[in-house]
Visitor: 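Handing you a structure now.
Just so you know, ligand 1 is whichever comes first in the structure, and atom 1 is the first atom listed for that ligand. The structure presented is a predicted model; accordingly, all values stated were derived computationally and were not measured.
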Amino acid sequence: MAAEKIAVVPGSFDPVTNGHLDIIRRTASLFDRVYVCVLRNGAKKPLFSIDERMDMIRRVTGDIPNLEVESFDGLLVDYARDKGADFIVKGLRAVSDFEYEFQMALTNKSLNPRVETFFITTSRSYSYLSSSIVKEVARYGGDISEFVPKEIEKDIIEKIGG
Ligand code: PNS
């Protein structure tokens, strides 16, 4: 029997957006098993705790049978190795994402040559979307219903103090 194809979808997910969810669902349809992993991005100061972020992702992915949501305090490649995952999948929105994502993919490849990074281009309708934009709109009382799943809209508004 062929080995299971296991992928990690990593990110800071602060909070998860419809754009992330689109990438997560498409990844789950391509691989046997998918781990969505909440990690630290040293360049960002998160609004939500790791547990809050995992909880929000779990609530909006509960219907995906081959998916688990976890967190890891360390290098992404070490997490992938622990899970037996040979694939990292990330969404790519625009040229502006490319340089940073390319740098991370090459770093991860040199840290663990077994791991391949795959990029999925974000659906056109979400190409402008980011967690930062969602937080910015919510902070000023704007409507975020188009940007995030219904189940977590309230969490974001309450956290930001709406
Ligand atoms: O959603 P993000 O913020 O673009 O995700 C970036 C993330 C969290 C995947 C990245 O910062 C990461 O992999 N952090 C874990 C630490 C690590 O492995 N760093 C080396 C990769 S350059």
Visitor: Apply side-chain contact (heavy atoms from CB on, under 4.5 Å) to the pair R93 and S130, showing each step before the final yes or no.
Guide: CA-CA 9 Å; R93 283 169 304 194; S130 70; 3.1 Å; yes
Visitor: Which residues pass the side chain to side chain contact (heavy atoms under 4.5 Å, CB included) test with S110, not counting sequence neighbours?
Guide: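 Per chain and number, S110 pairs via side chain to side chain contact (heavy atoms under 4.5 Å, CB included) with no residue.
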Visitor: Report the C-alpha distance between F119 and D97 in whole Å, list the side-chain angles of each, state the deciding distance to 0.1 Å, and finish with yes or no for side-chain contact (heavy atoms from CB on, under 4.5 Å).
Guide: CA-CA 11 Å; F119 292 108; D97 276 346; over 6 Å; no
Visitor: I'd like to check the side chain to side chain contact (heavy atoms under 4.5 Å, CB included) partners of V60; sequence neighbours left out, ordered by chain and number.
Guide: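 If we apply the side chain to side chain contact (heavy atoms under 4.5 Å, CB included) test to V60, skipping adjacent residues, the hits are V16, L21, P149, E151, I152.
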Visitor: Among residues at least two apart in sequence or on other chains, which ones pass side chain to side chain contact (heavy atoms under 4.5 Å, CB included) with F118?
Guide: F31, F87, V89, E116
Visitor: Hey, which residues fall under 4.0 Å of ligand 1 on heavy atoms?
Guide: P10, G11, S12, L39, R40, N41, K44, G74, L75, L76, K90, Y100, M104, N108
Visitor: Side chains of S49 and D51 only: does a donor on one sit below 3.5 Å from an acceptor on the other?
Guide: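 Distance-only check fails for S49 and D51.
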